[in-house]
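Excluded from the calculations below are hydrogen atoms, water molecules and symmetry mates; all remaining heavy atoms, backbone and side chain alike, are included. Just so it is clear, the structure is predicted and the values come from calculations on it, not from any experiment.
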Amino acid sequence: MEDIKTMSFEEMYLSPEIAKAIKDMGFEEATPIQSQAISLIRAGRDVLGQSQTGTGKTAAFGIPCIEMIDEHDRNLQAVILAPTRELAIQICEEFRKLLKYKDSIKVVPIYGGQPIDRQIMALKRGVQVVVGTPGRVMDHMDRRTLKMETVKIVILDEADEMLDMGFREDIETILGKMPAKRQTVLFSATMPPGILSLTKEFQLEPEHVKVVRKELTAPLIDQHYYEVNERSKTEALSRIIDMQNPSLSLVFCNTKRRVDEVVERLQGRGYFAEALHGDLKQAQRDMVMKKFRNGTLEILVATDVAARGIDVDDIDIVVNYDLPQDEEYYIHRIGRTARAGRSGKAFTFVVGKEVYKLRDISRYTNAKIQKGKLPTLSDIEEAKASKFLEKVKSLVDEGQLSKYVNLAERLVGDEYSAMDVAAALIKMNLYDENAMEIEEVSYSDKPRRSSEQRGRSHQPEQGMVRLYLNIGKANRIMAKDVVGAIAGETGVPGKLIGAIDIFDEFTFVDIPREYAHTVLDGMKNKKVKGNKVNVQKAAGDQMRKPQSKSFSRDHHKDGKDKGRKKFFGFMG
């Protein structure tokens, strides 16, 4: 298939309001799928689009759909069906961005997990566009709160996924209730027989638009794999994250149970990670995605189905904690990074004979997946040191250091040299004074003491304070609950939280000394998993009042590694 000529949005003669909204969104040139589909849909043609996530397909159908809406008509005119709640929300958010200067057009998402009464009230106020999942759309149709008689255009997004999830009969029922003279647009990543039969039944001479796979293999993605054993995967993941130091990471697992296990292990090591899978309530999913989009959550661990609809441009790395079940999933996963012209990295763990399956994936995607060697402690320390020194050089080059020079002059003199002072400051900011004493061994191979032994003999690291919580295993408390509660209630970044020891009736947690009073004050009268929490200083620990309780997002980023457990033997 020959390369598709892309168009600028100016060439499409869009309405001034839509053109202005697109400009505000930072788009200049249409993607290949947009260049093909927008004009065809605006012309009223039925369209069969073959395109995957990350190609701009939401705008490909969203722009012409909005242009065709009569904003003076309060009746339902357009219905978009999506397989999951996450994708329905994502589509709705994209529509609202495009409608920035067309506030007379109302769009409402309807999906399971949200109170139906709230949706009924929104529909009664009058909407022109509904974005929903098949099951909840059927529910509203049965209640007659959603009437299809006035629909002019219906769009099925990720239709192959909807068929895989068993929505065939629902789709047929929904389309059967719409006017015969309507426009039907269907987007699908693949074209299995089920899609083709759906097309024959419900579309009239559709135009087939397609983005070929070579444009989806993302040449800007640097792909590596590591041969590991099952028990060392968490350690391998931790080393990759510490070495790469990404702002946003997406980790894929094959099962919901595995997702929860990985999240608990990461949180136990001090990383700010959360799960995304089908067992979460909708409010939980919304909160997780909000955190991930605004950067306060840096590691998202997800299943393939739950990750459908994630559309975040600045994901730095994707990690296949489990090798995907088939080749198409690999493309979907790694395509989450290297968006919008950025570069990205993908890392895959393989165990034993899985390496042969990875070779099949490599041939299928026509991509070179290089064998990697996990970074050593020295590699990680050197990377952190280099980054720190580059930051120092940058500050020197910027100048404006006069008041700090005055402070330095108070130290430098007969007793201390400038070199002594610089070395001491580097040690304070970069290295744990005990770092070099820790052997480089697999975390899972280290001799373990019982939790009681660790709790009784544990001494907090320098700069940390040990706090006592009156809840424990008997209250079904896990490390992620403690991290989540403290971070959520007090604003202290999860990465700054240190060791957590959970016993049957109580829990110990290490907090940076300067935030100890913030946690003590912020957790008063709070509940964790329905249990009222009493937080106090652990016996024998001394605290001083911090100068300030506030912290900035920059503080979060600069200090994000300091709260992690130091089994790697370094401090960032």
Side-chain angles (χ1 to χ4, degrees), residues 241-248 270-272 294-296 298 314 316 375-438 459-465 487 490-498 510-519 521 541-566 568-572:
I241 291 170
D242 289 330
M243 185 70 181
Q244 298 296 325
N245 196 32
S247 295
L248 294 179
Y271 296 93
F272 204 15
N294 64 27
T296 56
E298 294 173 335
D314 45 1
D316 298 307
T376 64
L377 301 185
S378 297
D379 294 334
I380 297 171
E381 290 168 4
E382 178 58 32
K384 294 292 181 183
S386 297
K387 184 177 179 180
F388 176 77
L389 294 176
E390 286 301 318
K391 186 175 180 180
V392 171
K393 290 177 185 177
S394 177
L395 288 172
V396 173
D397 292 339
E398 287 176 9
Q400 300 181 348
L401 298 174
S402 56
K403 76 173 183 178
Y404 303 103
V405 169
N406 293 336
L407 287 172
E409 287 176 341
R410 289 164 57 180
L411 289 172
V412 176
D414 295 337
E415 191 172 355
Y416 304 110
S417 69
M419 188 67 72
D420 291 334
V421 173
L425 292 173
I426 289 174
K427 180 179 179 181
M428 284 173 56
N429 283 276
L430 195 59
Y431 293 106
D432 182 348
E433 62 187 21
N434 296 318
M436 300 309 165
E437 297 176 9
I438 301 177
Q459 292 297 320
E461 296 174 17
Q462 186 174 7
M464 305 291 279
V465 168
T490 70
V492 175
K495 285 193 174 65
L496 300 187
I497 297 172
D510 290 355
I511 299 293
R513 187 175 299 276
E514 62 267 31
Y515 293 124
H517 286 280
T518 301
V519 174
D521 294 340
D541 222 323
Q542 300 297 321
M543 296 188 297
R544 57 177 173 81
K545 192 74 173 176
Q547 294 179 347
S548 172
K549 294 183 182 180
S550 64
F551 69 95
S552 66
R553 173 66 183 154
D554 290 338
H555 188 169
H556 178 177
K557 292 295 295 179
D558 291 342
K560 68 182 183 179
D561 293 316
K562 293 183 181 178
R564 299 176 182 171
K565 293 184 178 180
K566 307 303 185 300
F568 288 146
F570 80 97
M571 184 172 183

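- For Glu398, the salt bridge (charged side-chain N to carboxylate O under 4.0 Å, His left out) criterion is met by no residue, not counting sequence neighbours.
- When all heavy atoms of Leu248 and Gly295 are compared, the pair lying nearest together is CD2-CA, 4.2 Å.
- Glu390 and Ser394 share no donor-acceptor pair across their side chains, judged by distance under 3.5 Å alone.
- Separating the CD atom in Glu298 from the CG atom in Asn245 is a distance of 8.5 Å, to the nearest 0.5 Å.
- Ile497 CD1 to Met464 CE: the interatomic distance, rounded to the nearest 0.5 Å, is 8.5 Å.
- The minimum heavy-atom distance linking Asp379 with Thr376 is given by the pair OD2-N, 3.0 Å.
- One distance of note links OH of Tyr271 with CG of Asp242; it measures 3.5 Å at 0.5 Å rounding.
- Note that CD of Glu409 and CG of Leu407 are 9.5 Å apart. Values are rounded to the nearest 0.5 Å.
- Contacts of Asp314 classified as side-chain hydrogen bond (donor to acceptor under 3.5 Å, both in side chains), with partners at least two apart in sequence or in another chain: none.
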